[in-house]
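No hydrogens, no waters, no symmetry mates; every other heavy atom, side chains included, goes into these values. Chain identifiers are assigned alphabetically (A, B, ...) following the order of the sequence lines, protein sequences preceding nucleic acid strands; residue numbering begins at 1 within each chain.
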Protein chains: 2
Amino acid sequence: MSTRSDRKGWQERLTAHIRAQGGRVTRPRLEIAEVFFGMRGHPGVEEVAAAVHKRWPGVGNATVYRTLHLLSDAGLVEARQFGEGFARYEAAATREHHDHLVCTACGTILEFEDDAIEDLQRQASERHGFLMKSHRMEIYGVCSKCQARGSDGPAQRHARPRKARARR
Amino acid sequence: MSTRSDRKGWQERLTAHIRAQGGRVTRPRLEIAEVFFGMRGHPGVEEVAAAVHKRWPGVGNATVYRTLHLLSDAGLVEARQFGEGFARYEAAATREHHDHLVCTACGTILEFEDDAIEDLQRQASERHGFLMKSHRMEIYGVCSKCQARGSDGPAQRHARPRKARARR
DNA sequence: CTACATGCAAAGAATTTGCAAAATA
DNA sequence: TATTTTGCAAATTCTTTGCATGTAG
């Protein structure tokens, strides 16, 4: 059953959300959403903005930030923090809930779900009197490809953030 | 057994680490470590700096940042990201491993450990061919006190970061 | 027409870095 | 004394905001 926001419905869902707030369904908003939902992976704002500019030059970065927030408010998108010092976004509610496996060597991010862990998290919350609202979990390690390739090396995530490739 | 870095050993461990790098055991470094290990909770750099200044005015913030990194390299401290847009630190290796329960109403951070979850995380990693190096998990919700007090409200963590109380 | 949205540039916040002066070994 | 550190301020990086102009409804 149902809290679906798959590749089809974002248009209507977004329009509904905007109208509900007395807002306006504008060209840039639709363009940015269009591009975002066409992307794979967990792009950062910068990546989204670049993709948008490729198809619709003239759209300002501030609007990309603002629209991503809008999509987040609409529940169509979720912000993630992988400890890199900037936010990454992903389409929301693709599945019930999922966590991430982040390869510290190549940066690949795999998604996975585990109901047993979900249950234990809920139990742990209750054990401490918490009313669980949400949770996040990331496992950092080396993916099979990098293990085979023997590259345990670079792309240090975790710990000391804000240093990932500079780009200005 | 033994990867202990409790209230006693940080002095020697830090000194050893510094000397091993051909570095110097300086006044500010010891002062900052002293203050940090005397603090409770998961202070952000700002809080650490404030506490340091109270006892040793004249220490620059840059040095606090640099020393916290040093402590991290020495394995005495761990950086955490609770999605607030800034890093929090905690003394490392107090226990085997633990996760966090973050109250979205009052900001309290509780620690807990759960071996069963640890096991499942390892299993999930293996299932996807990952060599797990580390992992982090946070549960966001409302703590018992806030539930009783009926405050589900403010202190929005998660999602839209970088907006938490401004202080300059 | 009128309120909301956009773009641009400036403002902010957290963190890093350059450099001359200070301190350690 | 030779280097490493420190402090301060300036620079960076990501994100938010102010404001004049553009535009959906």
**Student:** Quick one: does B:S72's side chain have a donor or acceptor within less than 3.5 Å of a partner on B:L68's backbone?
**Tutor:**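 Flag not set: sc B:S72 to bb B:L68 has no pair under 3.5 Å.
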**Student:** A:D73 CG to C:dC4 C1': how many Å, rounded?
**Tutor:**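 Taking CG of A:D73 and C1' of C:dC4, I get 16 Å after rounding.
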**Student:** Atom CZ of A:R29 to atom P of D:dG22: distance rounded to whole Å?
**Tutor:**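 After rounding, the reported distance stands at 19 Å.
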**Student:** Output all residues satisfying side chain to side chain contact (heavy atoms under 4.5 Å, CB included) with A:Q21, sequence neighbours left out; order by chain, then residue number.
**Tutor:**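 Applying side chain to side chain contact (heavy atoms under 4.5 Å, CB included) to A:Q21 gives A:H17.
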**Student:** Going by the rule side chain to side chain contact (heavy atoms under 4.5 Å, CB included), which residues pair with B:R127 if we only count those two or more places apart in sequence or in a different chain?
**Tutor:**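 Result, side chain to side chain contact (heavy atoms under 4.5 Å, CB included) vs B:R127: A:D114, B:Q123, B:A124.
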**Student:** To the nearest Å, how far apart are A:Q81 CD and D:dC14 P?
**Tutor:**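 My rounded result for the distance is 12 Å.
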**Student:** Which residues pass the ring pair (Phe, Tyr, Trp, His ring centres under 6.0 Å) test with A:H53, sequence neighbours left out?
**Tutor:**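 Ring pair (Phe, Tyr, Trp, His ring centres under 6.0 Å) list for A:H53, sorted by chain: empty.
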**Student:** Produce the list of close N/O pairs, under 3.5 Å, pairing protein atoms with atoms of nucleotides 8-11 of chain D; give distances to one decimal.
**Tutor:**
none

**Student:** Tell me the closest heavy-atom pair linking A:A92 and A:G75, and the distance in Å.
**Tutor:**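 Closest approach of A:A92 to A:G75: CB-O, 3.5 Å.
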**Student:** Among residues at least two apart in sequence or on other chains, which ones pass ring pair (Phe, Tyr, Trp, His ring centres under 6.0 Å) with B:H100?
**Tutor:**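 Once residues adjacent in sequence are excluded, the partners of B:H100 under the ring pair (Phe, Tyr, Trp, His ring centres under 6.0 Å) criterion are B:H42, B:F82, B:H98.
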**Student:** To the side chain of A:A87, which of D:dG7, D:dT15, C:dT15 is closest?
**Tutor:**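 For A:A87, the side-chain atoms sit closest to D:dT15.
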**Student:** Is there a side-chain polar atom (N or O) of A:T26 under 4.0 Å from OP1 or OP2 of D:dA24?
**Tutor:**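 No, A:T26 has no side-chain N/O under 4.0 Å of OP1/OP2 on D:dA24.
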**Student:** Return the residues of residues 17-25 of chain B meeting this criterion: a heavy atom under 4.0 Å from some atom of DNA chain C. Order them by number, or give none.
**Tutor:**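 Within this stretch, B:R24, B:V25 sit under 4.0 Å of the strand.
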**Student:** What is the minimum heavy-atom distance between B:Q147 and B:V142, and which atoms define it?
**Tutor:**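 The pair with the smallest heavy-atom distance is NE2-O, 2.9 Å.
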**Student:** What is the distance, to the nearest angstrom, from the CD atom on A:E47 to the P atom on D:dC14?
**Tutor:**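 A:E47 atom CD is separated from D:dC14 atom P by 11 Å.
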**Student:** If every non-hydrogen atom of B:Q81 is compared with every non-hydrogen atom of B:F86, which pair is closest and at what distance?
**Tutor:**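 Closest pair (atom of B:Q81, atom of B:F86, distance): NE2-O, 3.7 Å.
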**Student:** What integer distance in Å separates B:L30:CG from D:dT5:C1'?
**Tutor:**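 Computing the B:L30:CG to D:dT5:C1' distance gives 13 Å.
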**Student:** With respect to the phosphate group of D:dT15, does any side-chain polar atom (N or O) of A:H69 fall under 4.0 Å of OP1 or OP2?
**Tutor:**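 Answer no for this pair, as no side-chain N or O of A:H69 is under 4.0 Å from OP1 or OP2.
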**Student:** Given atom CZ of A:R88 and atom C1' of D:dC14, what is their separation to the nearest angstrom?
**Tutor:**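 It is 13 Å, rounded to the nearest whole Å.
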**Student:** Looking only at heavy atoms, what is the nearest atom pair of A:F112 and B:H128, with distance?
**Tutor:**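 For A:F112 and B:H128, the tightest heavy-atom pair comes out as CB-NE2, 3.4 Å.
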**Student:** Compare side-chain N and O positions of A:Y65 against OP1 and OP2 of D:dT16 and report whether any pair is under 4.0 Å apart.
**Tutor:**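 Answer no for this pair, as no side-chain N or O of A:Y65 is under 4.0 Å from OP1 or OP2.
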**Student:** How many whole angstroms separate atom CZ of A:F86 from atom P of C:dG12?
**Tutor:**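 The answer, rounded to whole Å, is 25 Å.
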**Student:** Please tell me if A:R27 has a side-chain N or O lying less than 4.0 Å from either OP1 or OP2 of D:dA24.
**Tutor:**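 The answer is no; no side-chain N or O of A:R27 sits under 4.0 Å from OP1 or OP2.
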